[in-house]
Asks: 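Before we start, here is the structure in question, set down as structure tokens.
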Amino acid sequence: MPKDVITPRATDYNQWYLDIVREADLAESAEVVRGCIVVKATGWGIWEMMQRELDDRIKATGHANVQFPLLIPKSFIMKEAEHVEGFAPEVAEVTRAGGEELAEPYVVRPTSETIIGHFYSRWIRSYRDLPLLYNQWCNVMRWELRTRPFLRTSEFWWQEGHTAHATEAEAEAETLKILHDVYADFAEQVMAVPVIRGLKTEKEKFPGALRSYCIEAMMQDGRALQAGTSHNLGQNFARAFDITYTDQNNTVQHCWTTSWGVSTRLIGALIMTHSDDEGLVLPPRLAPTQVVVVPIYKSPEERAQVLEAVARITGPWHGRLRYRIDDRDNLTPGFKFNEWELKGVPLRVEVGPKDVEKGSVAVARRDLPGRAGKRFVPQAGLSEHLVALLDEMQGGLFQRALQFRAERSAVVGNYAELQQQVERGFAWAYWDGSSEDERHIQEQTRATIRCIPLDQPEAPGRCVYTGRETRQQVIFARAY
RNA sequence: CGGGGCGUGGCUCAGCCUGGUAGAGCACCGCGUUUGGGACGCGGGGGUCGUGGGUUCAAAUCCCUCCGCCCCGACCA
């Protein structure tokens with residue numbers, strides 16, 4: 001049953017996205033603060049689930065959490081040439097405080113490589129201090145001209161990992177470990193969002209990095225979304241901030257550093273991967289509420305009987321399921337069904353007088369919206385049934401997204417095919433062009449090289465643009 | 001930062017062209033009847049018409065300023 005508060009995806013995908021954010025009560029525009037949003041309880045609840053899962057993985061790979069200042073001396077940002085150029089247009093500055101002009105302005109952190117670099121240079125003396133593996137959860141600010149909730153806002157929330165190593169090989173191993181074991185694993189196993197792991201081109205890499213890796217996801221309109229990045233910073237920041245150590249041979253060496261991050265943008269990825277015209281669809285492993293129980297009754301006597309049955313039925317769920325009983329008395333069941341579908345709760349259990357009598361309940365699954373996903377099942381063994389259903393849904397969402405991506409992906413052999421394919425999804429193409437060629441293609445097609453996938457084909461082919469033979473394949477797509 | 005559109009109870013909007021002191025639906029509050037896919041009746045509360053200035057006897061309405069939001073293009077997690 002289409003909901004009139006949600007614009008169908010086929011009508012206007014962008015408006016659909018905004019409708020979902022509003023109706024699922026995830027966030028709203030901060031209005032009084034340009035380009036910023038207020039993340040509401042439901043939206044922040046999802047972020048907290050993401051944080052928990054990611055933080056476990058970050059700790060499991062040997063990192064500890066720290067916290068650096070929100071404000072960074074402006075001169076720090078200026079120290080690394082590429083970094084300055086990349087971030088200068090989007091930093092906000094604090095020039096006055098305590099009623100006086102500051103001797104040196106601060107910038108509100110757009111990312112923390114510089115201030116962390118400053119302290120790393122003080123903390124690291126010997127090879128015995130390495131590797132240094134820290135992460136911080138914080139908010140950052142990048143002044144944006146055009147914003148969209150979660151996908152691009154001036155303030156956003158993220159984690160940024162910053163590590164220092166003795167050798168290039170160790171830094172590279174760290175960068176890839178985060179990409180695979182933390183980001184890709186989290187995206188696919190927890191978010192049920194299939195991702196392509198790849199390397200950014202020179203044109204698209206992080207300002208100041210040696211190499212940037214990324215995970216790229218495909219949204220339902222065929223556009224690409226960068227869902228996470230992991231950078232090997234080489235010795236660029238180590239040189240700019242004098243991060244050095246003495247090695248086993250008593251020689252002073254520059255460290256090799258890395259940085260990596262994922263942000264609240266992942267909430268946007270989640271929405272645009274799974275949700276439908278009925279509202280938000282949450283994968284069970286990320287849903288703050290996995291099961292909502294809606295009691296159904298007419299008289300006060302029925303109400304008492306039904307609520308008693310609900311208490312008995314949900315008793316064994318403690319610690320196994322994240323659930324909530326919607327016993328609000330001023331709303332009809334039908335209204336609640338629609339509301340919880342809008343909010344993406346994976347499973348709904350209805351308990352009415354007939355169920356009390358027959359020892360059954362109605363279970364509706366969100367991945368099959370409306371009455372189609374509704375079944376009457378016995379109360380006996382219900383917890384196991386629900387746990388199994390959630391598991392099935394988690395896998396099903398991933399498979400559905402994977403299939404969608406496959407349908408919207410194609411290898412293109414020439415430029416005409418490339419132009420067509422980026423209209424609908426990912427265009428895989430052999431590539432041997434320059435940054436300048438890349439720019440030309442962007443001007444003509446609005447598509448960019450999202451990444452050079454880590455999994456490359458065996459056989460060489462001809463570059464889609466220059467016609468030269470190459471072994472390298474890349475993905476072109478329009479991106480968010 | 002260019003081009004277009006728009007700011008009126010919490011929300012969506014009408015009223016503006018043709019100036020005369022603000023309305024609807026939804027939401028909210030109270031009471032009653034309802035309740036297995038967005039209930040209904042009756043009663044009620046709530047608006048410096050984005051901001052500042054100007055024109056006028058009189059401005060939501062006409063003119064100017066600024067601010068903000070949305071859409072479309074150039075830059076970006």
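Every chain is numbered from 1, with letters handed out A, B, ... down the list of sequences.
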Asks: Under 4.0 angstrom, heavy atoms only, what part of the nucleic acid is A/F150 near: base, sugar-phosphate, or nothing?
Replies: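 Result for A/F150 = base.
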Asks: What's the gap between B/C62 and B/C49 when it is taken at their C1' atoms, as a whole Å value?
Replies: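 Nearest-Å result for B/C62 against B/C49 at atom C1': 16 Å.
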Asks: Using the P atom on both, measure B/U61 against B/G54 and round to a whole Å.
Replies: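 So the two P atoms sit 14 Å from each other.
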Asks: What's the CE-C1' distance between A/M50 and B/A77, to the nearest Å?
Replies: 14 Å
Asks: May I ask you to say what A/G261 touches in the nucleic acid, namely base, sugar-phosphate or nothing, with a heavy-atom cut-off under 4.0 Å?
Replies: nothing
Asks: Using the P atoms only, state how far B/C64 lies from B/G45, rounded to an integer number of Å.
Replies: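 The answer is 40 Å between these two P atoms.
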Asks: Could you tell me if A/Y323 and A/Q290 have a donor-acceptor pair between their side chains, going purely by distance under 3.5 Å?
Replies: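 On atom types as modelled, these side chains do not qualify, holding no pair under 3.5 Å.
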Asks: Using purine N1 to pyrimidine N3 plus N6-O4 or O6-N4 for Watson-Crick, or N1-O2 and O6-N3 for G-U wobble, both under 3.5 Å, which nucleotide pairs with B/G73?
Replies: B/C1
Asks: To the nearest Å, how far apart are A/D326 CG and B/G36 C1'?
Replies: 15 Å
Asks: Which one is paired to B/U56, where only Watson-Crick or G-U wobble pairs with both distances under 3.5 angstrom count?
Replies: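 Pairing partner, where one exists within any strand: none, as none qualifies.
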Asks: Expressed in angstrom and rounded to an integer, what is the separation of A/L18 atom CG from B/C11 atom C1'?
Replies: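 Whole-Å distance recorded here is 16 Å.
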Asks: Rounding to an integer number of Å, can you tell me how far A/N338 CG sits from B/G38 P?
Replies: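 Roughly 7 Å, once rounded to whole Å.
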Asks: Between A/Y465, A/Y415, A/W431, which is the residue that forms a ring pair (Phe, Tyr, Trp, His ring centres under 6.0 Å) with A/F476?
Replies: A/W431
Asks: Just name whichever nucleotide pairs with B/G23, Watson-Crick or G-U, keeping both distances under 3.5 Å, else none.
Replies: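 Check on B/G23: paired to B/C13, both distances under 3.5 Å.
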Asks: For RNA chain B, whose closest nucleotide is more 5', that of A/P333 or that of A/S263?
Replies: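 Residue closer to the 5' terminus by nearest nucleotide: A/P333.
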Asks: How far does the C1' atom of B/U56 sit from the matching atom of B/C63, given to the nearest Å?
Replies: 12 Å
Asks: Among the candidates B/G38, B/A77, B/G36, find the nucleotide nearest to the side-chain atoms of A/T153.
Replies: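 Closest of the options to the side chain of A/T153: B/A77.
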Asks: Is A/R348 side chain donor-acceptor paired with the B/G37 base, going by distance under 3.5 Å alone?
Replies: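 Indeed, a donor on one side and an acceptor on the other fall under 3.5 Å apart.
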Asks: Want to settle it: does A/P353 or A/T332 sit nearer the 5' end of RNA chain B, counting the closest nucleotide to each?
Replies: A/P353
Asks: When you measure only distances, ignoring hydrogens and angles, does the side chain of A/K374 come within 3.5 Å of the base of B/G37 through a donor and an acceptor?
Replies: yes
Asks: Of the nucleotides B/A77, B/C71, B/G38, which one has an atom closest to the side chain of A/E144?
Replies: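 Between B/A77, B/C71, B/G38, the one nearest the side chain of A/E144 would be B/A77.
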Asks: Counting side-chain heavy atoms from CB outward, which of B/G36, B/G37, B/A77 is closest to A/K354?
Replies: B/G36
Asks: If the condition is side-chain hydrogen bond (donor to acceptor under 3.5 Å, both in side chains), which residues does A/D12 pass it with, not counting sequence neighbours?
Replies: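 In terms of side-chain hydrogen bond (donor to acceptor under 3.5 Å, both in side chains), with neighbours along the sequence ignored, A/D12 is linked to no residue.
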Asks: Can you check the distance between B/G2 and B/U21, where both ends of the measurement are the C1' atom (answer in whole Å)?
Replies: 41 Å
Asks: Which whole-number value in Å describes the distance from A/F337 CZ to B/A39 C1'?
Replies: 14 Å
Asks: Under 3.5 Å, is there a donor-acceptor pair linking the side chains of A/T258 and A/T163?
Replies: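 Yes, a side-chain donor-acceptor pair sits under 3.5 Å.
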Asks: Decide yes or no, distance alone: a donor-acceptor N/O pair under 3.5 angstrom between the base of B/G38 and the side-chain of A/E339.
Replies: no
Asks: Can you tell which of B/G38, B/C72, B/A77 lies closest to the side chain of A/N14?
Replies: B/C72
Asks: Using whole Å, what does the distance between atom P of nucleotide B/C28 and atom CG of A/L331 come to?
Replies: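 Rounded to the whole Å, the gap is 8 Å.
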Asks: What's the gap between B/C72 and B/G15 when it is taken at their C1' atoms, as a whole Å value?
Replies: 29 Å
Asks: Tell me whether the centres of the aromatic rings in A/F241 and A/H118 are closer together than 6.0 Å.
Replies: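 No, ring centres 6.0 Å or more apart.
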Asks: So, for A/W428 and A/F426, is the gap between ring centers shorter than 6.0 Å?
Replies: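 Not close enough - the centres of the two rings lie 6.0 Å or further apart.
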Asks: Please classify the nucleic acid contact of A/V361 as base, sugar-phosphate, or nothing, using heavy-atom distances under 4.0 Å.
Replies: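 Nothing: the residue A/V361, judged by heavy atoms under 4.0 Å, touches no strand.
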Asks: Among the nucleotides B/G37, B/A77, B/C75, which one has an atom lying closest to any side-chain atom of A/Q442?
Replies: B/C75
Asks: Please report, rounded to the nearest Å, how far the P atom of B/G36 is from the CD atom of A/E302.
Replies: 11 Å
Asks: Of the options A/L342, A/D25, A/L26, which is the one that meets A/L280 in a side-chain contact (heavy atoms from CB on, under 4.5 Å)?
Replies: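 That would be A/L26; it is the only one of A/L342, A/D25, A/L26 passing the side-chain contact (heavy atoms from CB on, under 4.5 Å) with A/L280.
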Asks: Across the strands shown, which category fits A/E350 at heavy-atom distances under 4.0 angstrom: base, sugar-phosphate, nothing?
Replies: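 If one applies the 4.0 Å heavy-atom cut-off, A/E350 turns out to touch a base.
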Asks: At under 4.0 Å, does any side-chain N or O of A/R446 touch on OP1 or OP2 of B/G73?
Replies: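 Answer yes for this pair, as a side-chain N or O of A/R446 is under 4.0 Å from OP1 or OP2.
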Asks: What interatomic distance, in whole Å, is found between C1' of B/U65 and the corresponding atom of B/U18?
Replies: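 Each nucleotide's C1' atom is 26 Å from the other's.
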Asks: Which base, if any, makes a Watson-Crick or G-U wobble pair with B/C28, both distances under 3.5 Å?
Replies: B/G44
Asks: Classify A/A227 by what it touches in the nucleic acid, base, sugar-phosphate, or nothing, heavy-atom distance under 4.0 Å.
Replies: nothing
Asks: Out of B/G38, B/G37, B/A77, which nucleotide sits closest to the side chain of A/F335?
Replies: B/G38
Asks: Check whether the side chains of A/Y17 and A/D221 place a donor and an acceptor atom closer than 3.5 Å, and report yes or no.
Replies: no
Asks: Answer with base, sugar-phosphate or nothing: what part of the nucleic acid does A/Y480 contact at a heavy-atom distance below 4.0 Å?
Replies: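 Nothing, no nucleic acid heavy atom in range.
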Asks: Look through every strand shown and name the nucleotide pairing with B/G7 as Watson-Crick or G-U wobble, where both distances are under 3.5 Å.
Replies: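 Across all strands, the one nucleotide that pairs with B/G7 is B/C67.
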Asks: On a whole-Å scale, what distance lies between the C1' atoms belonging to B/G23 and B/C66?
Replies: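 Straight-line distance between the two C1' atoms is 29 Å.
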Asks: Rounded to whole angstrom units, what separation is found between the CD atom of A/E443 and the C1' atom of B/C75?
Replies: 13 Å
Asks: Respond yes when some side-chain nitrogen or oxygen of A/T229 is under 4.0 Å from OP1 or OP2 of B/A77, and no when none is.
Replies: no
